[in-house]
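What follows is a short report on a single structure.
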Protein chains: 2
Amino acid sequence: MAHDRVTLADVARRAGLSKTAASMVLNGREGTRLSAEAHQRVFQAAEDLGYRPNIAARSLRTRKTATIAFVSDIVATTRFAGGLIRGALDAARERDHVLLIAETQGDPAFERHAIDAMLDRQVDGVIYAAMATRRLTVPPALLAGSVVLLNATTDASPDDLPCVVPDDQLAGRAAVTALLENGHRDRIAVIGRNRLKEDDPQVSLAATARLEGIRGALAEAGAAVHREVSCPDWLPEHGYTAMRTLLRKPDRPTAVVCMNDRLAFGAYQAVAEAGLSVPRDVSVVSFDDDPIAAWLHPGLSTLALPHEAMGRRAVDLVLDGGGAGPTLVPMDLRRRKSIAPPP
Amino acid sequence: MAHDRVTLADVARRAGLSKTAASMVLNGREGTRLSAEAHQRVFQAAEDLGYRPNIAARSLRTRKTATIAFVSDIVATTRFAGGLIRGALDAARERDHVLLIAETQGDPAFERHAIDAMLDRQVDGVIYAAMATRRLTVPPALLAGSVVLLNATTDASPDDLPCVVPDDQLAGRAAVTALLENGHRDRIAVIGRNRLKEDDPQVSLAATARLEGIRGALAEAGAAVHREVSCPDWLPEHGYTAMRTLLRKPDRPTAVVCMNDRLAFGAYQAVAEAGLSVPRDVSVVSFDDDPIAAWLHPGLSTLALPHEAMGRRAVDLVLDGGGAGPTLVPMDLRRRKSIAPPP
DNA sequence: CAAGTTCGCTAAACTGATTTAGCACGAGCA
DNA sequence: TGCTCGTGCTAAATCAGTTTAGCGAACTTG
């Protein structure tokens, strides 16, 4: 690629000046005493020749590559969290940077490999992202440079690394608030309190935080969660069975909060099957804003994971070396049609 | 990042040899006459010091960066086509390369910017990907190097560029074959023949190819498509209304082929609403293998877009300078529960 | 035994940029 | 006239590798 690119020397020659002069002019260095005419000639020459600097060469000297590594366990290809990349990509572009991505697939060997490959390429910083919000241990090689955790936290590092996570607790509050505003209070159930089959207690911090928010908001309203159902996992089938059991009780809930949209998807099926309808008989709120949320009938109101905003934030933190510790990004309520006053 | 990395000079010094010797040994150059002992010493020194070459420096001389650009209009972040990246990422890793990604969002200015940024970084090749299979024009700047189109074709270039696309026509045949095997033949309908609101005739080559395959396979079986329904777009709501009209006819279809899974999702809703069931009353086959295909009840049989395989293939073509013209990647039938013999 | 080969290795050039140190010239001043 | 100072610019070093050209010693060969 790019065999006979124009070099700085070419520009200098055409401008009748030295490489030094050309370099200084093109970098807009202050304090140089080159004449206005010299500036003009260099710009003209660069323009004429279509000069573009060779970043590899530059970075050799400056140790800046205008490149950020985006290393994730699996997020890169995970439909639905691609928003993280998109946000990062946008922010990077705005700041004239570029993203080098790699996936570890959770494999430590791949991880070593990926991180080495990135460091070999002299990246300016590393964004280390996880698919599900969780704790992870940061490879020591990274600690030398600028690192930001994305959608993950860590407790392994002595001085906290900067990290970017969704504000799940606030989201939990918001879900409840939306229900309270519609008159629900005493018969609000939660589906998916935790994932029973989850063996790693560090995973699913999200669930804990959301639940805290939910309970907190209800407590402030002088109420408590009516029923909480645990699920083996957060898949549609589990939402389905959970909702079925809830609907069979004599005092069935007037509203349910599902811990994610796939649970809600299953819950919808159970409601339909019971001859009831959302939101007339049961209101539903949920989390994530998976694309199916919009496709369901009626549209599912859900607290959107702010993937793009998180990706942007991570880039900012990597480049500006932002504050250590967690950055919470708020989750917005996508208001659709699944919430109405209780029957 | 990486302030005090070990350099080749360090390794050479520790091995008591010249940089030249160290370089040659580490690169495994043939025909050099360095002694076995010298080899040993260099390897040992590199190992001891944890030497890693600076790729920027190397590429300055060799013009190889072991980096591939992945430029897409929007695919990178599109949930569901992230498989393209994942495949590319895997293939790249296997060949010790790394991916630099950028998105143009269809904006020509962004596109220029992205491509310049990539070329400035001396990438070894460019994968130019599109979200939906379609024709596109390749920016001239790219033609100088190694380019592969992914999920897109072009007719603008004089000598055809290599490109990688799914084999939609074969997939159309496979969809019909699966139905024929189950005894359907004369009452097979197609939902989503084309997208009415599609203004760009070049888009949606996929639809055309799939339809050709469908018609071809039916023709060979001595039949024809029973009914074809067009849709404004390929969204659930359109699948829903299409299926509704089909079911209202006296000779309603025994099977329908939906042009994608979202249409099928809507079609399922219409079937349920009519008090019928899939696959007892109507069989459904579809295309794409969107994640919802697995979540539906019963599971939707669908021809999976081979995103990962395509991504891999693109990397291979970029690196090996593979044959010009299109590479068709087969789509596999994901057999689930939506096909059964006609009632 | 001189000339030519082969062996084992290295000095130095080169890649394309940035950056440091400093040169030549003219003006101002005593 | 001699000295300093400011102006406008450049030579050369540097970054970390790869590659070319070639050197000195040992070994063949006629």
Side-chain angles (χ1 to χ4, degrees), chain A residues 1-42 45-46 49-67 119-124, chain B residues 1-43 45-46 49-67 117 119-124:
Chain A
M1 212 105 205
H3 274 268
D4 35 8
R5 279 173 69 112
V6 176
T7 74
L8 184 64
D10 296 330
V11 173
R13 199 173 312 118
R14 178 174 244 256
L17 290 166
S18 67
K19 286 197 308 174
T20 309
S23 171
M24 286 170 154
V25 168
L26 292 176
N27 289 322
R29 289 261 297 236
E30 304 287 319
T32 167
R33 294 171 310 217
L34 293 162
S35 66
E37 201 234 335
H39 275 77
Q40 177 53 31
R41 288 218 309 275
V42 170
L49 298 175
Y51 169 71
R52 302 233 91 220
N54 177 326
I55 298 206
R58 168 184 296 168
S59 77
L60 201 51
R61 193 90 238 268
T62 60
R63 325 198 135 272
K64 295 236 153 280
T65 48
T67 302
L119 296 181
D120 291 352
R121 284 170 181 79
Q122 318 291 120
V123 295
D124 294 343
Chain B
M1 210 105 205
H3 274 268
D4 35 9
R5 279 173 69 113
V6 175
T7 74
L8 184 64
D10 297 329
V11 173
R13 199 173 311 117
R14 177 174 242 257
L17 290 166
S18 67
K19 285 197 311 174
T20 309
S23 171
M24 286 170 154
V25 168
L26 292 175
N27 288 324
R29 288 264 296 235
E30 304 286 319
T32 166
R33 293 172 310 217
L34 292 162
S35 66
E37 200 234 334
H39 275 76
Q40 177 54 31
R41 288 218 308 276
V42 170
F43 285 132
L49 299 174
Y51 170 70
R52 304 230 92 222
N54 178 327
I55 298 205
R58 168 183 295 167
S59 78
L60 201 50
R61 193 87 237 267
T62 61
R63 326 199 134 270
K64 295 236 152 281
T65 48
T67 302
L119 296 181
D120 290 352
R121 285 171 180 77
Q122 318 290 120
V123 294
D124 294 342

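Numbered from 1 within each chain, the chains take letters A, B, ... in sequence-line order.
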Open item on the list: With a 4.0 Å cutoff (strictly under), does any side-chain N or O of A/R63 reach OP1 or OP2 of D/dA16?
Closed with: yes
Task: B/L8 vs B/P53 side-chain heavy atoms within contact, under 4.5 Å - done: no
Task: Side-chain heavy atoms of B/I55 within contact of A/Q122, under 4.5 Å - done: no
Open item on the list: Check whether A/R5 reaches the backbone of A/R52 with its side chain - one donor and one acceptor, N or O, closer than 3.5 Å.
Closed with: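 Pair found, side chain donor or acceptor close to backbone of A/R52.
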Open item on the list: Tell me whether A/D124 contacts the main-chain N or O of A/K64 through its side chain, where contact means a donor paired with an acceptor under 3.5 Å.
Closed with: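 Checking the backbone N and O of A/K64 against the side chain of A/D124, no donor-acceptor pair under 3.5 Å is found.
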Task: Carboxylate-amine/guanidinium contact A/D120 B/R58, below 4.0 Å - done: no
Among all residues two or more places apart in sequence or in another chain, which pass the side-chain contact (heavy atoms from CB on, under 4.5 Å) test with [X]?
X     : answer
B/R61 : none
B/R29 : B/M24, B/N27, B/T32
B/D10 : B/V6, B/T7, B/R13, B/L49

- [ ] Over all heavy atoms of both residues, which pair between A/A46 and A/L26 is shortest? Give the atoms and the distance, please.
- [x]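 What the structure gives for the nearest pair is CB-CD2, 4.1 Å.
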Open item on the list: A/S59: which residues meet the side chain to side chain donor-acceptor pair (under 3.5 Å) condition with it, sequence neighbours left out?
Closed with: none
Gap between atoms [atom1] and [atom2], on [X] and [N] respectively (whole Å):
X      : N      : atom1 : atom2 : answer
B/R121 : C/dT15 : CZ    : C1'   : 19 Å
A/L34  : C/dT18 : CG    : P     : 14 Å
A/Q40  : D/dG8  : CD    : P     : 17 Å
B/R5   : D/dT14 : CZ    : P     : 21 Å
B/L8   : D/dC15 : CG    : C1'   : 13 Å
A/L49  : C/dG16 : CG    : C1'   : 15 Å

TODO: Using a 4.0 Å heavy-atom cut-off, write out nucleotides 22-27 of chain D from 5' to 3' as B (base contacted by protein), S (sugar-phosphate only) or - (no contact).
DONE: ------
Open item on the list: Using five pairs at each end of the helix from C/dC1-D/dG30 to C/dA30-D/dT1 to define an axis, what is the angle between those two axes, to 10°?
Closed with: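 Helix axis angle between the two ends: 70°.
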Task: B/R14: salt bridge (charged side-chain N to carboxylate O under 4.0 Å, His left out) partners, not counting sequence neighbours - done: B/D48
TODO: Just jot down the salt bridge (charged side-chain N to carboxylate O under 4.0 Å, His left out) partners of A/E37, sequence neighbours excluded, or say none.
DONE: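 Here the qualifying residues are A/R41.
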TODO: Answer with yes or no whether the side chains of B/T67 and B/R121 bring together a donor and an acceptor at under 3.5 Å.
DONE: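 Per modelled atom types, B/R121 and B/T67 side chains form no pair under 3.5 Å.
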Task: Residues in contact with DNA chain D, drawn from residues 17-29 of chain A - heavy-atom cutoff 4.0 Å - done: A/L17, A/S18, A/T20, A/A21
- [ ] Could you check which residues of residues 50-62 of chain A get a heavy atom under 4.0 Å from DNA chain C? Sort them by number, please.
- [x] A/Y51, A/R52, A/P53, A/N54, A/A57, A/R58, A/L60, A/R61, A/T62
